[in-house]
Student: 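One structure, pasted below without further comment.
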Amino acid sequence: MRLFPLPLLSHVRGLVLRTPSPRMYAVPSLAFTNSTVSHSDQSKEGNFDDVKSLELNEVGVLRVLTTMRDDPYLALSFLKRIEGNGGLPSVSAYAAVIRIVCSWSLDEKLSCLFVGMIRKGEEKCGFSVVDLLNVIGDAEEDEKLCFLLLSRVSSALVKAYVEIEMFDEAIELFRGIEELGWDADAYTYVVVVNALFRKGDSEGVEKFLRKLVSLETRKHCVFYMDLIEGLCGNEMSRVGYILLKPLREANILVDESDLAVAYGRVIRGLCNEMKLEEAERALLEMEECGIDPDVCVYSAIIEGHRKNMCFSKALRFFNNRKDLQGKRIINPVIASSILQCCCQMGEFSEALDRFVDFRNMNIPLDRFCYNVAFDALIKLGKVDKAIELFREMTCEGISPDVVNYTTLIGGCCLHGRCVEALDLIIEMDKEGKPPDIVTFNVLAGGFARNAADASDILKLMEDRGVKPSSVTHNMVIQGLIVAGKIKEAEALYQEHNKSGGNVAGIVKGYCEAGRLDKAFERFIKEEFPLPKSVYFTLFTSLCAAKDKNHIDKAQKVVERMWELGVEPGKSMYGKLIGAWCRVSDVGKAEKFLKAMKRREITPDLFTYTILIKTCCRLNKLEQADDFFRDMKKRGIKPDVVTYTVLAKNNPKIDKDMKACDVKPDVFYYTTMINTYYRLNNENKACALVQEMKKGGIVPDVVTYTALIDNYYRLNNKKRASDIFQEMKRRRILPDVVTYTVLLNHNPELDKKKEMKALGIKRDVHYYTVLIHHKCKIGEVEEAKRIFQEMKESGVKPDFVSCTALIAGCLRNGYVFDADKFLQEMRENGIEPPTETASKSVVLHTKSKPKRFVSRQRSKKPILRSSGEVQSSLLIS
DNA sequence: CTAGGGTTAG
């Protein structure tokens, strides 16, 4: 942790204003005679080489140092040089240098000096730190000056101790300073808090802070502002946050704007440290005190969530803030964060809608916002619109920069519009914003993947003096493979792979082209370590695949990295185990886990949680328990997520969780409550609802939906609809699942309009309930129509929905339709059902593919074969 | 280098 520099503090204290010239090693030989040195002599000649031979006596050294009063760097190097030559500067020499350095406010240098001294040790120095302080003190006659000097020196010493992690010494020394009534500045306090913090002494921190705001030791407002700045600038925003409340209550920050600044700083600090929950809490607190947060606070929180990959949290925050909806205070920074969130979630149309909204609200938008917007258009395949928007931006007076152009050029290339891409390059030249290497790389790669001649672009680059790099070649090679031009890719590879960096393009190209086996084949042949991104791309593609064969290969990638001594990223282990879990092969996962342990790699919380979840899903409860014990044994503390997974099968785990001081949240309670209802223990479930509310945890849509579902299951329609009303009263909007539950228990009530009004799209679950119901009451035509409607609205049928329809057709004698849909299902390679919801189906469909094949081959009348299918499908 | 949790359908 770096404590320096603290620019604001230095500034406030009026430091660093006088900066001596950084002249370091030009040193006069005259210094070694006992005569006085004049400044004009200093640069004349020589160095300190004669120090050893000269046997400078103490008086001599001191006298020389006196002449260096105006040049602290010179004094420092003089001292260093004496030491370097095996000399032993006296305590007085040190004292003299320190006084010089101090008078120039070079606090950092001072600390360095102390660090060196402490490292060297008392023995080797010939004096102790206390000796030194005494000498320094004695040499200053003016009491007031002495006071100041010692304060500053001890502060630097405290800092030095912290820097070499001698926390106790630092704290002790600081207490000494306090007792003597010396004046330590805010910066020193920051250092001491840092020491306590790093020692893990949270009680000490609190005590320290309490004292700091107590009446006897109260300081000036500026001090506290500096303190907060220092804490937040050094990753101790939490401490800064703790400080706010007492400061406010003791009315120390009288000026409201100071309080606003302090809160703002703490919130921004918390966001930087990714402590978003606390940041939001601080924001609430701030508002409760009647302080208006400024726009930077909002953008910090939104951007913090985004960087944390919590996109929906960012959006939720934005949507729920009234003042942000009041449009008044949205600035381009917030706007671009929000747009980017949408894009990173893959919601490109949403991003565009919001962009348009922003624009209609007359919010000033900058080229960052525009860039996200036309990138979104490109991702949606609307290149023309993207170009249009690009032009509009220019009309709005924002002239595009190289990045804007590059985005657009990449977009053109991605959609096969190389000519336009090239036109844009020409335009860039005309506008005096010549393309850089990134632009050219994008263009060359884009040409290649569109089967255009990328070598033209390479030539163009050369002519321009932009030298193609290995990145360029990789992008072209990758593009060629994507375009299916394997031979050309290989040729280019042969030509440029001298440094060995271009397999990347080959492997990535095959990955992108979906030819994972080919990619793996090339990869495994390489004898030498590859760039990390290659391992990662290949590994990720293999992991994402559905069959075990590919996951096996993903594992080989990791093993290869081990062999070659390339450190796989931490996340790769967890991802691989996650992949094995996804295909329900806990055996393989466990085997790999053992290999990890042999390498002394401890699986992390995520990994254990995935394993436990999978075991629970597969009903291997003892094994889940084994993992649970194992993680505890290894000192990995299960968190609320782990407990949620366990609670699904074993609600009694609640005791253990509370014993471990893990706080339940709304997810956890929802699971628990649901589990107890399923176990027919309504009392316990109700008790939990109360406990949750008492604990200040607010039930959300999911909780309410679960409650509604469970009361319908208990045949208590009244209670179910009461809960639905309560939910509405609390302004918690139902979602598609809520409506699915309602529909499932009241199949006649398709609340199509109501949903539309709320902007809720019907999903595959919802349609399935509809289809199933229509089939059940014999309205197969209607079911077919709904199935069609579903497809037309862009909702992909899945295994369950198809099965429902086919079964319904068969049951009602629509044999031809059943066959038609069956075939359609096969053609679409319908994904197998996922997760627990369809566990029973998985079990029953294991033998299904065979039957499908035999049916196809036999070409016998549909009736018979459908009968076969029927037997496997109609198990309820 | 975006890995883990809650509610719904046959």
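Letters go in sequence order (proteins before strands), and every chain restarts at 1.
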Student: Side chain of Ile610(A) only, heavy atoms from C-beta on: which candidate in dA3(B), dT8(B), dG10(B) is closest?
Tutor: dA3(B)
Student: Rounded off to whole Å, could you give me the CG-to-C1' distance for the Leu646(A) and dG4(B) pair?
Tutor: 12 Å
Student: Is there a donor on the side chain of Asp639(A) or the base of dG4(B) sitting less than 3.5 Å from an acceptor on the other?
Tutor: yes
Student: Between dG6(B), dC1(B), dT8(B), which one does the side chain of Thr670(A) approach most closely?
Tutor: dG6(B)
Student: For dT8(B), does OP1 or OP2 lie under 4.0 Å from any side-chain N or O of Asn744(A)?
Tutor: no
Student: Quick one: Asp709(A) CG to dT7(B) C1', roughly how many Å, whole number?
Tutor: 8 Å
Student: Below 3.5 Å, does any donor atom in the side chain of Thr703(A) face an acceptor in the base of dG6(B), or the other way round?
Tutor: yes
Student: By the 4.0 Å heavy-atom rule, please label Val666(A) as base, sugar-phosphate, or nothing.
Tutor: base
Student: Do any side-chain nitrogens or oxygens of His772(A) fall under 4.0 Å of OP1 or OP2 in dA9(B)?
Tutor: no
Student: Under 4.0 Å, counting only non-hydrogen atoms across every strand here, what does Asp763(A) touch: a base, just sugar-phosphate, or nothing?
Tutor: nothing
Student: Taking any heavy-atom pair under 4.0 Å as a contact, classify Leu707(A): base, sugar-phosphate, or nothing.
Tutor: nothing
Student: Given dG10(B), dG5(B), dA3(B), identify the nucleotide with an atom nearest to the side chain of Lys613(A).
Tutor: dG5(B)
Student: Between dT7(B), dA3(B), dC1(B), which one does the side chain of Thr607(A) approach most closely?
Tutor: dA3(B)
Student: Between Glu824(A) and Lys791(A), does any NZ, NE, NH1 or NH2 come within less than 4.0 Å of an OD or OE carboxylate oxygen?
Tutor: yes
Student: Quickly work out the Arg678(A) CZ to dG6(B) P distance and round it to whole Å.
Tutor: 13 Å
Student: Would you classify Tyr573(A) as touching base, sugar-phosphate or nothing, given that sugar-phosphate means primed atoms plus P, OP1 and OP2, and contacts are heavy atoms under 4.0 Å?
Tutor: nothing
Student: Does anything in residues 707-741 of chain A form a ring pair (Phe, Tyr, Trp, His ring centres under 6.0 Å)? List the pairs, not counting sequence neighbours.
Tutor: Tyr677(A)-Tyr711(A), Tyr712(A)-His745(A)
Student: Reckon Thr671(A) touches a base, only the sugar-phosphate, or nothing at all at heavy-atom distances under 4.0 Å?
Tutor: sugar-phosphate
Student: Any side-chain to backbone donor/acceptor pair from Asp375(A) onto Asn371(A)? Under 3.5 Å, distance only.
Tutor: no
Student: Between Phe520(A) and Tyr510(A), does the ring pair (Phe, Tyr, Trp, His ring centres under 6.0 Å) criterion hold? Intermediate values first, please.
Tutor: CA-CA 9 Å; Phe520(A) 182 76; Tyr510(A) 279 127; over 10 Å; no
Student: Looking at Thr607(A), is its backbone amide N or carbonyl O close enough to the side chain of Asp604(A) to form a donor-acceptor pair, meaning the two atoms are under 3.5 Å apart?
Tutor: yes
Student: Please determine, for the side chain of Phe536(A), which listed nucleotide (dA3(B), dG10(B), dT2(B)) has the closest atom?
Tutor: dT2(B)
Student: For the side chain of Val645(A), counting heavy atoms from C-beta on, which of dG5(B), dT8(B), dC1(B) is nearest?
Tutor: dG5(B)
Student: Looking only at the side chain of Val641(A) (C-beta and beyond, no hydrogens), which of the listed nucleotides dT8(B), dG10(B), dG4(B) gets closest?
Tutor: dG4(B)
Student: Whole angstrom is fine here: how far is it from NZ in Lys761(A) over to P in dA9(B)?
Tutor: 23 Å
Student: Measure from CD on Gln344(A) to C1' on dC1(B) and round the result to the nearest Å.
Tutor: 13 Å
Student: Of all the choices, dG6(B), dG4(B), dA9(B), which nucleotide is nearest to the side chain of Asp700(A) once you look at every atom?
Tutor: dG6(B)
Student: Counting distance alone, no hydrogens or angles: does the base of dG5(B) have a donor or acceptor under 3.5 Å from a partner atom on the side chain of Thr644(A)?
Tutor: yes
Student: Classify Val640(A) by what it touches in the nucleic acid, base, sugar-phosphate, or nothing, heavy-atom distance under 4.0 Å.
Tutor: base
Student: How about Phe787(A) and Phe821(A): are their ring centroids closer than 6.0 Å?
Tutor: yes
Student: With the side chain of Ser571(A) defined as its heavy atoms from C-beta on, choose the nearest nucleotide among dG10(B), dT2(B), dT8(B).
Tutor: dT2(B)
Student: Side chain of Asp798(A): nearest nucleotide among dT8(B), dA9(B), dG6(B)?
Tutor: dA9(B)
Student: Verify, without hydrogens or angle tests, whether Arg617(A) (side chain) and Cys581(A) (backbone) share a donor-acceptor contact under 3.5 angstrom.
Tutor: yes
Student: Considering every strand and a 4.0 Å limit on heavy-atom distances, what is the contact class for Asp665(A): base, sugar-phosphate, or nothing?
Tutor: base
Student: Would you please confirm or rule out a distance under 4.0 Å between OP1 or OP2 of dG6(B) and any side-chain N or O of Lys648(A)?
Tutor: yes
Student: Under 4.0 Å between any heavy atoms, over every strand shown, what does Thr738(A) touch: base, sugar-phosphate, or nothing? Just pick one.
Tutor: nothing
Student: Figure out the CE/C1' separation between Met561(A) and dC1(B), and round it to whole Å.
Tutor: 11 Å
Student: Contact class for Asn308(A) (heavy atom, under 4.0 Å): base, sugar-phosphate, or nothing?
Tutor: nothing
Student: Starting from P on dT2(B), measure out to CG on Asp604(A) and report it in whole angstrom.
Tutor: 12 Å
Student: Looking for any heavy atom pair under 4.0 Å, which part of the strands does Arg762(A) touch: base, sugar-phosphate only, or nothing?
Tutor: nothing
Student: Could you state the atom-to-atom distance from CZ of Arg617(A) to C1' of dG6(B) in whole Å?
Tutor: 16 Å
Student: Would a distance-only check, ignoring hydrogens and angles, find a side-chain to backbone donor-acceptor pair under 3.5 Å from Asp639(A) to Val641(A)?
Tutor: yes
